[in-house]
Amino acid sequence: MAKILLTGAAGYIASHTWLALQAAGHEVVGVDNFSNSSPLVLERLRELGGRAPVFEQVDVCTPALAQVFERHRPDAVVHFAAFKAVGESTSQPLAYYRNNIGGLVNVCETMQRSGCRRIVFSSSATVYGVPERLPLTEDAPVSAVNPYGATKLMGETILRDLGASDPQWQTACLRYFNPVGAHESGRIGEDPRGIPNNLMPYVAQVAIGRRERLQVFGDDYDTPDGTGVRDYIHVCDLADGHVAALRRLLEQPGSLTVNLGTGRGYSVLELVKAYEQASGRPIPYDIVARRPGDVAACYADPAQAQALLGWRARHDLQRMCEDSWRWQSMNPQGFQA
Ligand code: WQD
């Protein structure tokens with residue numbers, strides 16, 4: 001097995017990936033600056049993983065990252081650390097370029113100096129912009145429709161150019177669709193700060209009584225019930241996708257870009273109904289105007305991940321909602337308690 005460095009390690013997807021990598025027999029080292037996560041996650045990882053997490057509080061944009069590589073000598077990196085709010089990226093583009101692009105460049109330069117040349121990169125279905133055809137395959141046209149998406153697209157470009165410049169580099173760009181749900185223990189999960197931008201955590205907070213009503217952003221899209229359709233994927237399936245991508249980088253030469261989605265789209269109202277069934281709580285909502293920048297529908301063709309990684313998502317929407325509800329009801333204030 002190998003030693004894997006996770007950046008953004010205390011975050012939602014990273015913390016679930018941490019447990020999946022440990023279960024697969026890897027040694028994990030985590031770094032995070034807690035700019036959008038809580039140190040409490042480390043305590044939960046110790047409880048769930050059965051050992052004290054090896055962790056260093058470091059900002060990946062700073063020279064301090066070099067000492068982490070000197071101390072731990074990782075065989076590969078999974079780079080999660082990035083700002084990820086689409087709306088915020090539009091109002092604060094420079095912060096997004098500095099953190100997301102500057103952070104990736106610093107990670108790659110530090111890896112190069114340390115002789116570590118395998119990286120798994122958190123990309124996003126946002127790189128597809130407004131889909132021309134569905135389901136989305138990896139060769140679909142890409143375009144940046146907001147600064148956040150631009151940082152993901154530029155990140156993929158940086159890694160492609162790096163691989164072309166030095167064949168020793170192996171890169172895996174994982175295009176996440178809509179990550180939702182939580183570890184079955186209910187001890188870790190999604191804990192957005194402030195008002196949740198994304199649908200499932202907002203619905204969860206309505207169910208637990210932290211929010212009054214859900215605003216449904218438009219019901220006049222060209223979709224079966226008029227509300228937006230997305231490819232929701234359980235965060236534990238996503239974590240397993242990272243384990244499979246790392247296994248491929250460690251066992252075979254070459255690089256890859258794959259969609260991590262289920263291949264099935266669900267509408268906002270379908271998710272609301274599933275959440276009411278999972279929680280036993282009503283989710284009152286109002287139909288309001290569309291949210292600028294939203295697309296009608298977006299869902300993956302996951303065939304490439306199946307072919308290259310032998311991976312496919314296994315959890316259905318009901319399980320995503322059940323696991324989300326268990327986390328939310330056991331942690332009404334998230335990690336901020
Ligand atoms: C899903 C659907 C909304 C909130 C974003 C980013 C993407 C990725 C995932 C980081 C849409 C509707 C939402 C609400 C609603 N993030 N909605 N009321 O926009 O598909 O993707 O998050 O990688 O990059 O773009 O996810 O959960 O925000 O929206 O009606 O309060 O729910 O209109 O149809 P999205 P979302």
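Note that the coordinates shown come from a computational prediction; the quantities given were computed from them, not determined experimentally. Numbering of ligands and ligand atoms starts at 1, following listing order.
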*For salt bridge (charged side-chain N to carboxylate O under 4.0 Å, His left out), just list the numbers for E276 and K273, CA-CA rounded to whole Å, side-chain angles, deciding distance to a tenth of an Å, and then say yes or no.*
CA-CA 5 Å; E276 288 180 327; K273 184 162 177 292; over 6 Å; no
*Should F55 and F34 be marked as a ring-ring contact (aromatic ring centres under 6.0 Å, His included) after you check the CA-CA gap, both sets of side-chain angles, and the distance that decides it?*
CA-CA 12 Å; F55 175 82; F34 297 128; 5.3 Å; yes
*Begin with the C-alpha distance, continue with both residues' side-chain angles, and end with the deciding distance and a verdict on ring-ring contact (aromatic ring centres under 6.0 Å, His included) for H315 and Y232.*
CA-CA 10 Å; H315 298 78; Y232 298 98; over 10 Å; no
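Counting Ile, Leu, Val, Met, Phe, Trp and Tyr side chains that sit under 4.5 Å apart, directly or through other members, V295 shares a hydrophobic cluster with V130.
The single protein non-hydrogen atom nearest to atom 28 (O) of ligand 1 is R291 NH2, 2.9 Å, given as residue, atom name and distance. Of the protein's heavy atoms, G228 CA, 3.5 Å lies nearest to atom 34 (O) of ligand 1. Shortest contact from atom 20 (O) of ligand 1 to any protein heavy atom: R230 NE, 2.6 Å. Given atom 10 (C) of ligand 1, the protein heavy atom at minimum distance is Y148 OH, 3.2 Å. Scanning the protein heavy atoms around atom 6 (C) of ligand 1, the nearest turns out to be V86 CG2, 3.7 Å. In terms of protein heavy-atom proximity, atom 7 (C) of ligand 1 is closest to T126 OG1, 3.4 Å. The single protein non-hydrogen atom nearest to atom 13 (C) of ligand 1 is L199 CB, 3.8 Å, given as residue, atom name and distance. Looking only at protein heavy atoms, the nearest one to atom 8 (C) of ligand 1 is S124 OG, 4.4 Å.
Not a single heavy atom of Y221 sits under 4.0 Å from any atom of ligand 1.
Residues N198 and R230 bring no donor and acceptor atom of their side chains to less than 3.5 Å of each other. For the 3.5 Å distance criterion, the side chains of S324 and Y275 qualify, holding a donor opposite an acceptor. Residues N146 and Y96 have side chains that never bring a donor and an acceptor to within less than 3.5 angstrom of each other.
Residue-to-ligand polar distances keep P179 apart from ligand 1: every N/O pair is separated by 3.5 Å or more.
Under 4.0 Å from ligand 1, the heavy atoms of N178 that appear belong solely to its side chain. Counting heavy atoms closer than 4.0 Å to ligand 1, residue Y176 contributes nothing at all. Of all the heavy atoms of L214, the ones lying under 4.0 Å from any atom of ligand 1 belong exclusively to the side chain.
Shown in contact with V216 at under 4.0 Å from a heavy atom are these atoms of ligand 1, numbered in order with element: 30 (O). Taking every heavy atom of N197 and a limit of under 4.0 angstrom, the matching atoms of ligand 1 come to 4 (C), 28 (O). Which parts of ligand 1 touch D294 is read off a 4.0 Å heavy-atom cut-off, strictly below it: atoms 3 (C), 33 (O).
For the pair Y128/V142, a side-chain contact is recorded, criterion being any heavy-atom separation below 4.5 Å from C-beta on.
Sparse packing is recorded around CZ of R133, with 12 or fewer heavy atoms of other residues, nucleotides or ligands lying under 6.0 Å away.
In the candidate list F217, Y232, Y202, F217 is nearest to atom 14 (C) of ligand 1, counting heavy atoms.
One N or O on the side chain of Q170 and one on the backbone of L249 form a donor-acceptor pair closer than 3.5 Å. Of the possible polar contacts, none joining the Q215 side chain to the D286 backbone as a donor-acceptor pair under 3.5 Å is found.
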